[in-house]
Protein chains: 2
Amino acid sequence: MHEDIDIGTRLKKLRHERQISQRQLAIKSKVSNAMISLIESNKTNPSLGMLKKILDSVPISISDFFAMEIKLTNKVVYRKDELTEIGSGPISYLQIGQNLNNNQPQMLLERYKPGADTGKSMLTHESEESGLILEGRLELTVGDQIYYLSTGDAYLFNSSVPHRFKNPGATDCVLVSACTPPSF
Amino acid sequence: MHEDIDIGTRLKKLRHERQISQRQLAIKSKVSNAMISLIESNKTNPSLGMLKKILDSVPISISDFFAMEIKLTNKVVYRKDELTEIGSGPISYLQIGQNLNNNQPQMLLERYKPGADTGKSMLTHESEESGLILEGRLELTVGDQIYYLSTGDAYLFNSSVPHRFKNPGATDCVLVSACTPPSF
DNA sequence: ATTTTTTGTTTAATATATTTAACGTTTTAA
DNA sequence: TTAAAACGTTAAATATATTAAACAAAAAAT
């Protein structure tokens, strides 16, 4: 049922990244070096105050500490024709990168054909999303509000509020969006 | 120096959102109800194992628990002339939204004049950033690699790796970027 | 109106996190 | 080649988190 977390290797990894010894970290954070050792070998179940004292001295937030992922890919640039096609049809999405982590922004180059929409049922997910209109016009529904955006306009909202996108114009609507964490 | 965190009201807020009592939560998470009470009134400094047991039963991740914020603004659409100007000069940034939280993507419409760069010292911060070139050309340095991007190309990398941007062309370079969490 | 539950809080008992001080190894200096 | 310093680990002392059991107050049930 309840699996306990391996904060030991997390902390050790963080410490190695910053290239400091257990004792140096202990001094900075004003805890005993023994504690650092015990935590890193998962021989104790540290209190939050303890963890916070240590992470504050790094510094790194608790949230970021637990969101920390083991990064592997070293790919940086995605050429025009290397963007990941997610959907085709009336709405097409081109995504920057693949298999995104929760701490990465999901950037999409979106193209809505005239009249295209995301469906009559509203979308809901646990993210924050933002976008900027590059071409055409967009009808954006967030909660019980309907907005009309033109080229250059932008939006930013919490995706847990039901929302919906539509191209109400006669020409294609092109926009760039970012969603954190990725929604699909 | 080291300020301790108020996990008490955090947990109480979470519990009230889910509309369950201390004892119900205690049973679900198999800890004593006294413990829930003590934590919520900040009368104890719980261990991570303890917190994890409780949050697992909700369920919510530790990272999300600490990223949890009190939502206030209801502004959704930012008109073309409402984007927040961050810098002017050789590089100008227009940001979508203001006072961003850590769980929001920081979207920027960036314009580099010919020859403009982010300075000779490399940038480093704890984020993930991504971008798409709209006009012109961009020279991107990440670690010891230099990339040249043209209109339509994109990038995605971890910002803790030293990096640098430059417009090597004779015309303006315009791009849209997203950074999570916001870098400034 | 009076039980009967359910709420959140507190106290004493006990289990365990944390520190201090030592250990053996490896690295750096002389 | 030895001395000195820094590394991570461990044992016993002590400080504190956690529990079980009782508490009073409010809500629900009869």
Side-chain angles (χ1 to χ4, degrees), chain A residues 1-68 70-71, chain B residues 1-68 70 160:
Chain A
M1 174 88 206
H2 160 74
E3 55 175 304
D4 41 344
I5 29 178
D6 178 15
I7 74 169
T9 51
R10 266 198 144 74
L11 180 57
K12 184 181 287 184
K13 179 168 179 292
L14 178 65
R15 184 170 62 80
H16 283 153
E17 273 179 13
R18 308 301 165 112
Q19 308 202 19
I20 54 180
S21 70
Q22 288 184 346
R23 282 182 147 87
Q24 288 174 312
L25 182 57
I27 292 170
K28 282 217 305 178
S29 53
K30 290 179 190 155
V31 306
S32 68
N33 59 312
M35 197 63 223
I36 307 279
S37 174
L38 292 172
I39 292 176
E40 289 192 354
S41 50
N42 286 318
K43 289 200 174 68
T44 189
N45 179 16
S47 70
L48 266 161
M50 173 58 60
L51 184 70
K52 180 112 200 314
K53 266 167 79 173
I54 297 172
L55 296 187
D56 275 355
S57 77
V58 171
I60 185 178
S61 77
I62 300 186
S63 177
D64 287 353
F65 178 72
F66 283 102
M68 198 168 81
I70 302 92
K71 178 68 60 30
Chain B
M1 171 91 207
H2 159 74
E3 55 176 301
D4 41 345
I5 29 177
D6 177 14
I7 73 168
T9 52
R10 265 200 145 72
L11 179 58
K12 185 181 286 185
K13 178 168 180 292
L14 178 65
R15 184 170 62 80
H16 283 152
E17 273 178 12
R18 310 298 166 114
Q19 309 200 19
I20 54 179
S21 70
Q22 289 184 345
R23 282 182 147 87
Q24 288 174 312
L25 182 56
I27 292 170
K28 282 217 304 180
S29 52
K30 289 178 192 156
V31 306
S32 68
N33 59 310
M35 197 63 223
I36 308 278
S37 174
L38 293 171
I39 293 176
E40 288 192 355
S41 49
N42 286 318
K43 288 201 174 68
T44 190
N45 178 16
S47 70
L48 267 162
M50 174 57 60
L51 183 71
K52 180 115 202 311
K53 266 166 80 172
I54 297 172
L55 296 187
D56 276 355
S57 76
V58 171
I60 184 178
S61 77
I62 299 186
S63 177
D64 287 352
F65 178 74
F66 283 103
M68 198 168 80
I70 301 91
S160 62

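Protein chains get the first letters and strands the later ones, always in sequence-line order, with residue 1 at the start of each. Just so it is clear, the structure is predicted and the values come from calculations on it, not from any experiment.
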Note to self: Please enumerate all residues that pass side-chain contact (heavy atoms from CB on, under 4.5 Å) together with Leu55(A), with sequence neighbours excluded.
What the structure shows: Leu14(A), Leu51(A), Ile60(A), Ile62(A), Phe65(A)
Note to self: Quick check on the helix from dA1(C)-dT30(D) to dA30(C)-dT1(D): what's the angle between its two end axes, five base pairs per end, to the nearest 10°?
What the structure shows: 30°
Check: Closest approach of Asn42(B) and Ile7(B), non-hydrogen atoms and distance?
Finding: OD1-N, 3.8 Å
Pairwise distance [atom1]([X]) to [atom2]([Y]) - rounded to 0.5 angstrom:
X	Y	atom1	atom2	answer
Ile54(A)	Ser29(A)	CD1	OG	5.0 Å
Asp56(A)	Lys30(A)	CG	NZ	11.0 Å
Met50(B)	Thr44(B)	CE	OG1	8.5 Å

Test of understanding: with side chain to side chain donor-acceptor pair (under 3.5 Å), list the residues that count as partners of [X], not counting sequence neighbours.
X	value
Ser32(A)	none
Ser21(B)	Gln24(B)
Gln22(B)	Glu40(B)
Asn33(A)	none

Next item on the list: Grab the CG-P distance between Leu51(B) and dA17(D) for me, whole Å please.
Entry: 14 Å
Check: In whole angstroms, how far is the P atom of dT18(D) from the CG atom of Asn45(B)?
Finding: 8 Å
Next item on the list: Would you check if Ser47(B) and Leu48(A) make a side-chain contact, meaning some heavy-atom pair closer than 4.5 Å?
Entry: no
Next item on the list: Go through DNA chain C in 5' to 3' direction and return only the first and the last nucleotide with some atom under 4.0 Å of chain B's heavy atoms.
Entry: dT7(C) to dT10(C)
Tabulate atom names and distances for all N/O pairs under 3.5 angstrom spanning the protein and nucleotides 7-10 of chain D.
unit_1, atom_1, unit_2, atom_2, d
dC7(D), OP1, Ser21(A), OG, 3.0
dG8(D), OP1, Arg15(A), NH1, 3.1
dG8(D), OP2, Gln22(A), N, 2.9
dG8(D), N7, Arg23(A), NH1, 2.5
dG8(D), O6, Arg23(A), NH1, 3.3
dG8(D), O6, Arg23(A), NH2, 3.3
dT9(D), OP2, Gln22(A), NE2, 3.1
dT9(D), OP2, Ser37(A), OG, 2.9
dT9(D), O4, Asn33(A), ND2, 3.4
dT10(D), OP2, Lys43(A), NZ, 3.3

